[in-house]
There are 4 protein chains.
Amino acid sequence: MSFIEQARRNQIVACAIETIAELGYAQASLAQIGQRANISKGVITYHFASKEELMQAVVDDVFSRFATFVAARVMDDKPWEMLQTLLQANADFLKAHRTQLLTLFEIAHNAHDLALHGHNRELDVERITKLLTDGQQQGVFRNFDVQVMASSIVALRDNLIAQSAKNANLDVDHYCQEIITLVNQAIRRSS
Amino acid sequence: MSFIEQARRNQIVACAIETIAELGYAQASLAQIGQRANISKGVITYHFASKEELMQAVVDDVFSRFATFVAARVMDDKPWEMLQTLLQANADFLKAHRTQLLTLFEIAHNAHDLALHGHNRELDVERITKLLTDGQQQGVFRNFDVQVMASSIVALRDNLIAQSAKNANLDVDHYCQEIITLVNQAIRRSS
Amino acid sequence: MSFIEQARRNQIVACAIETIAELGYAQASLAQIGQRANISKGVITYHFASKEELMQAVVDDVFSRFATFVAARVMDDKPWEMLQTLLQANADFLKAHRTQLLTLFEIAHNAHDLALHGHNRELDVERITKLLTDGQQQGVFRNFDVQVMASSIVALRDNLIAQSAKNANLDVDHYCQEIITLVNQAIRRSS
Amino acid sequence: MSFIEQARRNQIVACAIETIAELGYAQASLAQIGQRANISKGVITYHFASKEELMQAVVDDVFSRFATFVAARVMDDKPWEMLQTLLQANADFLKAHRTQLLTLFEIAHNAHDLALHGHNRELDVERITKLLTDGQQQGVFRNFDVQVMASSIVALRDNLIAQSAKNANLDVDHYCQEIITLVNQAIRRSS
DNA sequence: GATGAATGAGATTTCATTCAT
DNA sequence: TATGAATGAAATCTCATTCAT
């Protein structure tokens with residue numbers, strides 16, 4: 001793929017993100033996206049075989065940024081510390097790139113058959129499952145179903161994003177702190 | 001409204017629920033819904049002034065069933081006991097009427113401007129907020145932001161429904177028990 | 001036709017007149033008309049074989065009232081006096097039954113193939129043609145094409161109605177006086 | 001707007017004019033218009049955002065042609081001469097472009113809320129009002145209500161068009177001459 | 001006589017996709 | 001590589017008309 005080709009794709013993806021965040025998935029037609037990018041509708045279908053492929057590209061793009069951002073902040077450490085850092089990194093990404101996350105969730109909720117999305121969330125769940133298992137083995141976490149707990153923690157993270165979607169002025173850090181405390185209470189071995 | 005009229009509306013609402021649960025909100029056209037009901041498109045627009053009105057009827061129908069079901073099971077009690085019963089009642093409704101709940105959430109995620117839905121979730125959050133405040137005042141719950149905690153508890157409930165959507169064979173009772181324990185740990189005053 | 005049958009037809013026709021005057025021909029659906037009459041749509045098609053027949057009934061009804069009203073006021077007299085009285089009678093009907101005339105013209109302009117309407121206007125033109133011919137023979141009117149003049153006089157009358165449609169507060173009598181003078185100047189033999 | 005784009009719009013407008021003149025406004029659906037143009041419905045909505053926009057384009061197109069045609073023939077002159085020339089120019093346009101005028105009037109009578117039309121007729125009335133006022137001030141016209149007279153003259157012009165609509169073989173020039181004489185008699189100061 | 005219910009044709013509109021240039 | 005143009009399917013909605021009760 002040429003440099004120009006890649007640049008065009010990036011531009012289109014960026015405009016798609018803006019459009020979806022602003023209008024919602026259902027209203028984000030190729031015409032609307034093209035308009036925001038100041039390019040014709042045809043360009044989009046030239047660079048992407050179908051609208052679905054564009055949406056997939058959007059999901060991949062945002063998710064990889066998200067994953068990179070988080071990975072850069074979560075160093076190997078003790079399970080709880082890593083989990084805490086992970087949640088804070090999620091909140092930090094939300095503060096810095098709210099639009100991107102809103103779009104990611106908008107697509108996730110609307111496009112049921114998009115290949116990667118379910119997988120993306122699963123990656124988060126798997127990673128946290130592993131952390132929780134480690135913590136249990138090290139005796140710092142109480143006994144619980146790690147799958148359910150991991151899914152629940154991701155759900156709490158997702159709810160933070162959803163609340164931010166509804167209220168742009170949400171105090172994300174406060175919310176995150178509350179969730180961290182909540183999770184800490186929920187998983188630590190009772191003294 | 002005549003008996004027959006009401007029966008037709010109920011039938012159409014029921015078919016809409018089936019269709020949305022099966023195809024997703026975006027694919028649930030009036031034609032699809034009518035096809036499942038073995039009636040022509042026109043019948044739907046005869047009984048409902050617009051598609052939006054039908055969707056609102058669906059939301060109202062499911063939510064009122066849901067609320068009635070839960071209300072019948074949650075008696076006045078101590079805060080924690082009520083919260084526990086509430087979560088279990090939610091799980092019980094999910095086991096009995098999975099399709100209805102999936103549809104409710106499908107609509108909620110897709111139809112941004114449907115009047116009642118946001119309100120519906122808010123009702124749950126408000127109710128739980130009140131329970132949590134009571135528990136804190138009685139000294140059985142630790143100190144936390146009741147708004148964030150209530151929203152989080154509803155998110156955990158929603159996640160149970162979402163997981164059931166993805167996996168029809170999910171062990172709902174086990175999942176619910178885990179959540180109940182999770183919440184209990186998260187909110188009780190540490191000993 | 002039974003008395004009740006006739007009464008029902010009259011009621012429906014009256015409601016159709018109201019509806020067309022208020023909403024315009026294109027928006028005057030059977031449902032709208034029925035709603036104003038507090039009857040079901042079915043009643044209309046029970047009493048009228050088709051919508052077209054209803055519209056024809058409306059035209060006939062209004063036109064016959066109009067004609068009767070005018071006939072009662074225009075007595076045999078000299079041509080100019082009759083013509084003057086005729087125009088004033090038209091204005092008087094407009095003042096008394098503006099809604100009916102607006103509906104008559106609304107239908108006339110929109111329903112091209114309604115049998116009687118063209119005929120109705122033709123009746124007016126014919127009558128005036130006769131008056132003008134008489135006046136010419138009596139030497140009180142100058143020489144002109146009586147067909148064109150008659151059509152033009154009816155057009156001036158129609159324009160009065162059209163202006164009244166646009167402006168409910170139009171001074172109909174003043175307008176009528178101006179037209180009468182206009183026509184008088186136009187047709188009288190120059191001294 | 002590209003040349004091809006403009007050509008297509010012109011073609012569609014032309015077909016719309018034909019269709020409306022032939023079938024009447026109410027029957028002139030996008031499908032019918034497209035059929036006459038040998039293009040699919042979609043092409044029309046590609047070039048015009050809505051049917052209303054197309055109708056506006058039709059009105060604008062015809063009216064601007066009409067106005068240009070008339071303006072080219074009416075030079076600054078004495079009031080009566082200008083008025084006479086104006087009426088003749090109207091008749092000449094009718095002879096040359098009957099279909100266009102029929103369409104203009106068909107739309108005017110049916111589409112109550114189309115922006116420009118009312119304005120168009122008003123322009124004619126205003127212009128003639130000015131001429132009449134001038135003539136009165138110069139003492140060549142008798143005393144009359146210039147608003148009513150201007151509206152009436154336009155009504156006579158419109159009636160000529162309406163009669164031509166009903167009878168394609170109407171002798172337009174004769175009709176026009178009769179109207180000119182009629183108006184002359186009606187407005188000139190009696191000797 | 002009356003009516004609610006149902007129907008199906010047809011209208012406008014949106015939109016992803018295809019294609020010629 | 002890019003784009004305007006075209007297409008056709010599908011969506012919602014309106015409405016005159018038919019029909020069973």
Side-chain angles (χ1 to χ4, degrees), chain A residues 2 4-5 7-8 12 26-34 38-55, chain B residues 1-5 7-9 12 26-34 37-54, chain C residues 2 4-5 7-9 12 26-34 38-55, chain D residues 1-5 7-9 12 26-34 37-55:
Chain A
S2 76
I4 284 186
E5 162 81 0
R8 257 295 194 231
I12 293 168
Q27 305 304 318
S29 68
L30 295 188
Q32 281 288 344
I33 295 168
N38 248 19
I39 55 177
S40 91
K41 218 173 17 170
V43 182
I44 301 176
T45 47
Y46 177 77
H47 290 282
F48 296 91
S50 67
K51 189 182 186 182
E52 189 178 349
E53 197 183 295
L54 168 59
M55 290 302 152
Chain B
M1 194 181 302
S2 76
F3 176 73
I4 286 186
E5 160 82 357
R8 255 296 190 235
R9 282 177 67 102
I12 293 168
Q27 304 305 317
S29 68
L30 297 186
Q32 281 288 343
I33 294 168
N38 250 18
I39 56 177
S40 87
K41 266 183 308 187
V43 182
I44 300 177
T45 50
Y46 174 75
H47 291 280
F48 296 91
S50 67
K51 189 181 185 182
E52 188 178 348
E53 196 183 297
L54 169 57
Chain C
S2 76
I4 284 188
E5 162 81 358
R8 259 292 194 231
R9 283 176 66 102
I12 293 168
Q27 305 304 317
S29 67
L30 295 187
Q32 281 288 343
I33 294 168
N38 250 15
I39 56 177
S40 91
K41 218 172 17 168
V43 182
I44 300 176
T45 49
Y46 178 77
H47 290 280
F48 297 91
S50 68
K51 191 183 184 181
E52 189 178 347
E53 198 183 296
L54 169 58
M55 289 302 150
Chain D
M1 194 181 299
S2 77
F3 175 75
I4 287 187
E5 160 81 358
R8 254 294 191 236
R9 283 177 66 103
I12 294 169
Q27 303 306 318
S29 66
L30 296 186
Q32 281 288 344
I33 295 169
N38 249 20
I39 55 177
S40 88
K41 265 184 308 187
V43 182
I44 300 176
T45 50
Y46 173 74
H47 291 281
F48 296 92
S50 68
K51 189 182 185 181
E52 190 178 347
E53 196 183 297
L54 169 58
M55 291 302 152

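Below, chains carry the letters A, B, ... as their sequence lines are ordered, and counting in each starts from 1.
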Residue met sooner reading DNA chain F from 5', once C/Ala26 and D/Ser2 are mapped to nucleotides: D/Ser2
In DNA chain E, stems of three or more consecutive pairs, Watson-Crick or G-U, each with both distances under 3.5 Å, turn out to be E:2-21 with F:2-21
Mind checking the CD1-OH spacing from B/Ile12 to B/Tyr46? Nearest 0.5 Å is all I need. 11.0 Å
Atom CG of D/Leu30 and atom P of F/dA10 are separated, to the nearest Å, by 20 Å
How close or far is atom C1' of F/dC15 from atom NZ of C/Lys51, stated in whole angstroms? 8 Å
What is the distance, to the nearest angstrom, from the CD1 atom on B/Ile33 to the P atom on F/dC13? 11 Å
So, using side-chain hydrogen bond (donor to acceptor under 3.5 Å, both in side chains) as the criterion, who are the partners of B/Arg9 when residues are at least two apart? none
Test side-chain hydrogen bond (donor to acceptor under 3.5 Å, both in side chains) applied to B/Gln27 - qualifying residues, sequence neighbours left out: none
At a 4.0 Å cut-off to heavy atoms of chain B, the contacted part of DNA chain E spans E/dG4 to E/dG8
Results of side chain to side chain contact (heavy atoms under 4.5 Å, CB included) for B/Ser50 - residues two or more places apart only: B/Glu52, B/Glu53
Need to verify one output field. Residue with the more 5' nearest nucleotide on DNA chain E, A/Ala49 or D/Ser50? D/Ser50
By side-chain hydrogen bond (donor to acceptor under 3.5 Å, both in side chains), D/Glu5 pairs with (sequence neighbours left out) D/His47
Distance check: side-chain N/O of B/Ser29 vs OP1/OP2 of F/dA10, anything under 4.0 Å? no
Where along residues 37-48 of chain D does a heavy atom fall under 4.0 Å from DNA chain E? D/Lys41, D/Thr45
Calculate, to the nearest 0.5 Å, the distance between atoms CG and CZ belonging to D/Leu30 and D/Phe48 respectively. 10.5 Å
Please report the distance, rounded to the nearest Å, between CD in C/Gln32 and C1' in F/dA16. 14 Å
For A/Ala31, what residues pass the side chain to side chain contact (heavy atoms under 4.5 Å, CB included) criterion, not counting sequence neighbours? A/Ser29, A/Lys41
Nearest heavy-atom neighbours spanning D/Leu54 and D/Ile44: CD2-CG2, 4.0 Å
